[in-house]
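Only heavy atoms go into these numbers, but all of them, side chains included; no hydrogens, no water, no symmetry mates.
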Amino acid sequence: MYRILQILFVALCLVISAHVVGSRAAEDLGPLIDQLGSAKLSEMDDHITALAETGDAKVIPVLEALGEGELYQRKSDGRVFLVKAQGADLLLVDPVTGADAGAAPKAAMQKVKVNNAVRRAVRSALGGLTLFSDDTSARMKAAQSMLQTPNADALEAIETAIAAEKDGTVRKVLDEARAVTLLVSDRPDDQKRQAIALLAEGNGRNGLAVLTSALATADASLKPDIEAAIARIEQTQAFWSAGQNIWYGLSLGSVLLLAAIGLAITFGVMGIINMAHGEMVMLGAYTTFLVQEVVRNSYPDLFDWSLAIALPLAFLVTGAVGLAIERGVIRFLYGRPLETLLATWGISLILQQAVRSIFGPTNREVGNPSWMSGAFEFGGLTITWNRLWIIVFALAVFAALLFLLKRTSMGLKMRAVTQNRRMASSMGIRTPWVDALTFALGSGIAGMAGVALSQIDNVSPNLGQGYIIDSFMVVVFGGVGNLWGTLVGAFSLGILNKFLEPYAGAVLGKILVLVLIILFIQKKPRGLFALKGRAVEA
């Protein structure tokens, strides 16, 4: 019994002690916060540092409000409050306890002044306060803040956080933050050399900016190390910049492949210059828009599946439109390429105007599912999920189409008609229906391309017009009717475009690509991969 009384007495003492310490902390924080209201801008850094050194989490909302310019001082007694707007008045919130402190007219309050220097000090202080948060994302955000705004006063806090950090990704950012902070501190040169070596191994712009800034004021003994580190980072960045251009080129190439692969089939098998092919892409994008509208309004939980639902629908819709165009117009114009060009151009105008009349001329919103949103870092590359999935989808469509052509009866007939139409007809192949189904297949694939393009481009009546010329260039460059040529041509032109754009601009870059293709066609009129066959070679 006596032992139990002892334990209860100790517990009571601890509760009373904690209450006293908490009250004392509140008493200490109040005056520190109130000093923000009367301090000059040149003195704010010291007051912010003093608040951060308390280590109290209650300081965080105060500093956040200060950084956003939403911290107020009451004119009558100089006290500082957090506020909430309520009509013409302001609701006052005690910054320490979070309790309601009544209301005051706006005229009785004044904002605590801030400038960019104060905001930088706030970001640095908040970074130090959240370095020890239980939330990994909060620690990462704090580490990135310290990396971007190095402050010598935060060096000890960063080193303590590194020693306690368990997450490898956060620790890496903290190591870089320590390195850039060391360069602005008064630590020995040996430690600064280690920091310079660490920064030279990375490829971050923050490290390059800090090293460039430190070069002007560094000791003569450190300047060779800094210059070597800067050269190494610039070389690394140039390498990753070239890699980023290749990635952008592959991304553009996948878009061109999706837009051109259906055209390669119809152009190769039928010899039709289909100027309405871009409108098939546009119809596929609008099919995606309609599917997402239905899903948003009736089945919002299925939004992440909206593209999976839209893909077969877009294929069926555009395939049916393509079949109707072939049966209604094009089959009467075989052997007259200029007339088919004019007819399909007229059809493209009709389809554009029909879509404008139904949906209006403005862009329509098509959302990204969660699995296609955001980006991730790979080395020095920034890779967006929507572009990555479009590349995967383009290659999947290419593989499926290749299987259809090489391993199915329909594909055998299509290849036969492509190589020698008269011989195929004499062997019993119904070439008119092969033409019709081929045109429908090419149009359906264009509709699926529209589903993909809706994730990276504006859905409007003019969507297809931006890709029709590039699609023809891909088909002609790769070899008419050859899928492998279309694949190589699309990715080659995509990468070439992205390497020319930084030097020549987007428009001049496309002109240069067109000139290069014309010169190439003069040398190889049938493209990279020419089809073989008696009719083709005739």
Pairs touching residues 459-478 that satisfy salt bridge (charged side-chain N to carboxylate O under 4.0 Å, His left out), sequence neighbours left out: Asp470-Lys510
Derivation and outcome, side chain to side chain contact (heavy atoms under 4.5 Å, CB included), residues Met410 and Leu412: CA-CA 5 Å; Met410 178 62 190; Leu412 180 63; over 6 Å; no
Please list, one pair per line, the donor and acceptor atoms closer than 3.5 Å that link side chains of residues 445-460 to other protein atoms, with sequence neighbours excluded.
from	atom 1	to	atom 2	distance (Å)
Ser454	OG	Val451	O	2.6
Gln455	OE1	Asn368	ND2	2.7
Gln455	NE2	Gly367	O	3.4
Asp457	OD2	Tyr467	OH	2.8
Ser460	OG	Asn462	N	3.4

Side chain His277, main chain Ala259, donor-acceptor under 3.5 Å: yes
Whether Trp389 and Trp371 hold their rings parallel, tilted or perpendicular, with breakpoints at 30° and 60°: perpendicular
Crowding at CD, Glu227 (>12 non-hydrogen neighbours, <6.0 Å): yes
Using atom types as modelled, flag every donor-acceptor pair under 3.5 Å from a side chain in residues 295-302 to any protein atom, sequence neighbours excluded.
from	atom 1	to	atom 2	distance (Å)
Arg296	NH1	Glu293	OE2	3.3
Arg296	NH2	Gln292	OE1	3.4
Asn297	ND2	Glu293	O	3.0

Residues Trp385, Ser373; criterion side chain to side chain contact (heavy atoms under 4.5 Å, CB included); working and verdict: CA-CA 6 Å; Trp385 283 108; Ser373 302; over 6 Å; no
Six-ring centre of Trp247, Arg387 cation under 6.0 angstrom, axis tolerance 45°: no
Could you give the side-chain donor-acceptor pairs of residues 337-350 under 3.5 Å, partners two or more places apart or in another chain?
from	atom 1	to	atom 2	distance (Å)
Glu339	OE1	Arg336	NH1	3.2
Thr340	OG1	Pro337	O	2.6
Thr344	OG1	Ile273	O	3.2
Thr344	OG1	Met275	N	3.0
Thr344	OG1	Thr340	O	2.8
Thr344	OG1	Leu341	O	3.1
Ser348	OG	Trp345	O	2.6

Donor-acceptor pairs are to be reported for all side-chain atoms of residues 390-405 against protein atoms at under 3.5 Å, with residues two or more places apart or in another chain.
none

Donor-acceptor pair, side chain of Arg364 and main chain of Tyr286, under 3.5 angstrom: no
Side chain to side chain, Leu493 and Phe477, heavy atoms closer than 4.5 Å: yes
Side chain to side chain contact (heavy atoms under 4.5 Å, CB included) between Glu64 and Val122, intermediate numbers included: CA-CA 7 Å; Glu64 288 176 343; Val122 166; over 6 Å; no
Full working for side chain to side chain contact (heavy atoms under 4.5 Å, CB included) between Phe491 and Leu487: CA-CA 6 Å; Phe491 285 121; Leu487 177 71; 3.2 Å; yes
Lys406 versus Arg415, closest heavy-atom pair with distance: O-NH2, 3.9 Å
Flag, side chain of Asn245 to backbone of Phe499, donor-acceptor distance under 3.5 Å: no
Atom CZ of Arg331 with >12 non-hydrogen neighbours under 6.0 angstrom: yes
Backbone N/O of Glu70 and side chain of Glu68: donor-acceptor pair under 3.5 Å: no
Thr318 side chain vs Ser443 backbone, donor-acceptor pair below 3.5 Å: yes
Side-chain donor or acceptor of Ser426 paired with backbone N/O of Met423 under 3.5 Å: yes
More than 12 heavy atoms from other groups under 6.0 Å of CZ on Arg356: yes
Flag, side chain of Ser241 to backbone of Ala238, donor-acceptor distance under 3.5 Å: no
Residues that Lys413 engages under salt bridge (Lys or Arg N to Asp or Glu O under 4.0 Å), provided they are two or more places apart: none
